[in-house]
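Written below as structure tokens is the structure these notes are about.
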Amino acid sequence: STGNMLLTTDYGWIGETTKRYELGTTCDVHSPSAFQSALDQAMRNCKSFQHSSVATNFLNWNSPENVKTKWAVALAAYH
């Protein structure tokens, strides 16, 4: 299904997560030319962007509904 692509820093957790789960494009946000290039690429590809199965699984696992369900199950286990 068509989804929203991320444009993120290539640094730290957000950069690693974006790359690992194929959520979009990363760049060095401290480099104006790298940021401009990544933004141009994202704008060219945004209408045709589709999440991979890896991204879809990540997004489904971290959906508000699933997180709420996991918390409810965890809380019920403690009571």
Side-chain angles (χ1 to χ4, degrees):
S1 69
T2 302
N4 294 322
M5 151 200 294
L6 297 179
L7 174 57
T8 70
T9 178
D10 58 1
Y11 180 76
W13 180 85
I14 193 69
E16 183 59 33
T17 300
T18 301
K19 288 182 248 181
R20 180 180 294 170
Y21 296 104
E22 303 168 4
L23 299 171
T25 301
T26 63
C27 69
D28 178 357
V29 296
H30 298 289
S31 166
S33 62
F35 183 72
Q36 179 181 2
S37 177
L39 186 56
D40 288 343
Q41 176 187 355
M43 294 303 290
R44 281 193 306 276
N45 297 330
C46 68
K47 288 189 180 189
S48 63
F49 180 76
Q50 293 190 359
H51 288 297
S52 68
S53 61
V54 171
T56 299
N57 289 339
F58 176 83
L59 295 169
N60 288 338
W61 178 257
N62 291 287
S63 70
E65 298 81 18
N66 195 46
V67 169
K68 185 169 75 173
T69 300
K70 288 187 289 185
W71 271 99
V73 169
L75 289 173
Y78 287 110
H79 292 285

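Count residues from 1 along the sequence.
Partners of Thr25 according to the side chain to side chain donor-acceptor pair (under 3.5 Å) rule, which considers only residues two or more places apart in sequence or in another chain, do not exist here. With sequence neighbours left out, Glu16 forms a salt bridge (charged side-chain N to carboxylate O under 4.0 Å, His left out) with Arg20. For Thr26, the side chain to side chain donor-acceptor pair (under 3.5 Å) test picks out no residue, with sequence neighbours left out. By the side-chain contact (heavy atoms from CB on, under 4.5 Å) test, Asn62 is found to be paired with Phe58, residues two or more places apart in sequence or in another chain being considered.
Atom-to-atom distance recorded for Leu59:CG and Tyr21:OH is 11.0 Å, nearest 0.5 angstrom. In this structure, NE2 in His51 is found 12.0 Å from CG in Asn57, a value given to the nearest 0.5 Å. Between atom CG of residue Leu23 and atom CD1 of residue Ile14 there is a gap of 8.0 Å, rounded to the nearest 0.5 Å.
Just one of Thr8, Asp10, Thr9 meets the side chain to side chain contact (heavy atoms under 4.5 Å, CB included) condition when paired with Thr18; it is Thr8.
Scanning both residues, Ala38 and Cys27, for their nearest heavy atoms gives CB-CB, 3.6 Å. A pairwise comparison of heavy atoms in Met5 and Gly24 identifies CG-CA, 3.9 Å as the closest pair.
With a 4.5 Å cut-off between side-chain heavy atoms of Ile, Leu, Val, Met, Phe, Trp and Tyr, the cluster of Trp61 takes in none. Listed by chain and number, the hydrophobic cluster partners of Val29 are Leu7, Phe35, Leu39, Met43, where partners are ILVMFWY side chains within reach of under 4.5 Å, directly or through others.
Applying the salt bridge (charged side-chain N to carboxylate O under 4.0 Å, His left out) rule to pairs touching residues 61-78 yields nothing, sequence neighbours excluded. For residues 33-42, the set of pairs meeting the side chain to side chain donor-acceptor pair (under 3.5 Å) definition, not counting sequence neighbours, comprises Ser31-Ser33.
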- Message: Between Asn45 and Phe49, is the side-chain contact (heavy atoms from CB on, under 4.5 Å) condition met? List the steps.
- Response: CA-CA 6 Å; Asn45 297 330; Phe49 180 76; 5.5 Å; no

